[in-house]
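Single-structure report; data block below.
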Amino acid sequence: MAQAILAFLISFVVFITILLFFIKHRQRMPYYQVDQDGCIKLLQEAISGSLLERDWHVFIGMQVRYDNEIEALRLACLEVDDRHVINTVTKNGKVYMVFSKQGTLVLQDLLDHWQHKKDYLA
């Protein structure tokens with residue numbers, strides 16, 4: 001009888017220890033929220049040819065629920081992705097986006113609009 005109680009107590013302590021460990025070290029969802037400055041930086045990198053494929057796909061792949069203007073920009077960039085992405089290029093182990101000339105012009109127009117918003121409407 002004493003061995004059963006001892007086994008139960010040891011099992012209980014081990015269970016509580018494991019439970020506390022997982023509560024303390026639980027995984028949280030990654031948090032990604034882009035702002036106006038981030039949009040401008042993304043567009044500048046896209047025009048200059050230094051935009052990482054990963055960053056582009058994270059931006060166009062997420063739905064923006066907190067800002068309608070950023071969502072409109074995301075949808076415009078999604079259209080650029082559908083129509084004007086030529087390819088990707090790998091430099092130094094990193095993959096960058098390559099846009100057509102027309103796509104670069106569209107991105108430049110979007111950048112001009114967003115810089116105007118930041119400089120004059122903020």
Side-chain angles (χ1 to χ4, degrees):
M1 180 72 176
Q3 288 179 337
I5 294 173
L6 184 62
F8 175 76
L9 288 175
I10 291 174
S11 299
F12 183 74
V13 169
V14 169
F15 174 75
I16 294 298
T17 304
I18 291 172
L19 182 67
L20 290 175
F21 174 80
F22 281 113
I23 289 173
K24 183 177 180 189
H25 297 290
R26 71 175 180 247
Q27 293 284 333
R28 292 196 174 102
M29 292 295 290
Y31 184 73
Y32 177 78
Q33 186 171 353
V34 68
D35 59 359
Q36 192 173 13
D37 292 331
C39 291
I40 291 171
K41 181 178 180 269
L42 182 99
L43 292 170
Q44 288 170 337
E45 289 176 353
I47 293 165
S48 70
S50 61
L51 178 63
L52 291 171
E53 180 188 31
R54 173 195 66 221
D55 294 340
W56 177 251
H57 286 292
V58 166
F59 178 69
I60 65 172
M62 66 170 194
Q63 184 177 9
V64 179
R65 297 180 184 193
Y66 56 88
D67 190 326
N68 292 334
E69 292 177 350
I70 295 176
E71 176 64 9
L73 173 66
R74 184 190 74 83
L75 293 173
C77 289
L78 190 58
E79 188 171 326
V80 169
D81 186 68
D82 288 340
R83 296 182 181 191
H84 302 292
V85 170
I86 295 175
N87 205 348
T88 57
V89 63
T90 304
K91 298 176 192 171
N92 298 325
K94 295 181 180 180
V95 181
Y96 297 91
M97 298 299 298
V98 179
F99 299 95
S100 67
K101 227 179 245 190
Q102 181 65 30
T104 303
L105 292 173
V106 171
L107 291 168
Q108 183 64 52
D109 288 342
L110 290 170
L111 176 61
D112 292 343
H113 176 73
W114 276 80
Q115 281 181 329
H116 172 75
K117 273 198 225 188
K118 180 183 177 197
D119 294 339
Y120 298 106
L121 301 178

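Once rounded to the nearest 0.5 Å, the distance linking CD1 of I40 with NE2 of H113 reads 10.5 Å.
For CZ of F8, the number of neighbouring non-hydrogen atoms (other residues, nucleotides, ligands) closer than 6.0 Å is 12 at most. Taking a 6.0 Å sphere around CD of Q63, one finds it holds more than 12 heavy atoms contributed by other residues, nucleotides or ligands. Atom CG of N68 has 12 or fewer neighbouring heavy atoms from other residues, nucleotides or ligands inside a 6.0 Å radius.
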ask   = Is there a side-chain contact (heavy atoms from CB on, under 4.5 Å) between H84 and T104 once you walk through the steps?
value = CA-CA 8 Å; H84 302 292; T104 303; over 6 Å; no
Practice problem: In sequence, state the C-alpha distance, the side-chain angles, and the governing distance for Y96 and L52, and then conclude on side-chain contact (heavy atoms from CB on, under 4.5 Å). | Solution: CA-CA 4 Å; Y96 297 91; L52 291 171; 3.6 Å; yes
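Hydrophobic clustering, with ILVMFWY side chains joined whenever heavy atoms are under 4.5 angstrom apart, groups V58 together with Y66. Residues V85 and L73 share a single hydrophobic cluster, defined by chaining ILVMFWY side chains whose heavy atoms lie under 4.5 Å apart. Clustering ILVMFWY residues whenever any of their side-chain heavy atoms sit less than 4.5 angstrom apart, transitively, puts L78 in the very cluster that holds V34.
Counting heavy atoms from C-beta on, the side chains of L105 and F99 never come closer than 4.5 Å. L110 has its side chain out of reach of C39: every pair of non-hydrogen atoms, C-beta onward, lies at least 4.5 Å apart. Residues Q44 and Q115 are in side-chain contact: their nearest non-hydrogen atoms beyond the backbone lie under 4.5 Å apart. Contact of the F12 side chain with the I16 side chain is registered, since non-hydrogen atoms from C-beta on lie closer than 4.5 Å.
Nearest heavy-atom pair, V64 versus M62, reported as atom, atom and distance to 0.1 Å: CG2-CE, 3.6 Å.
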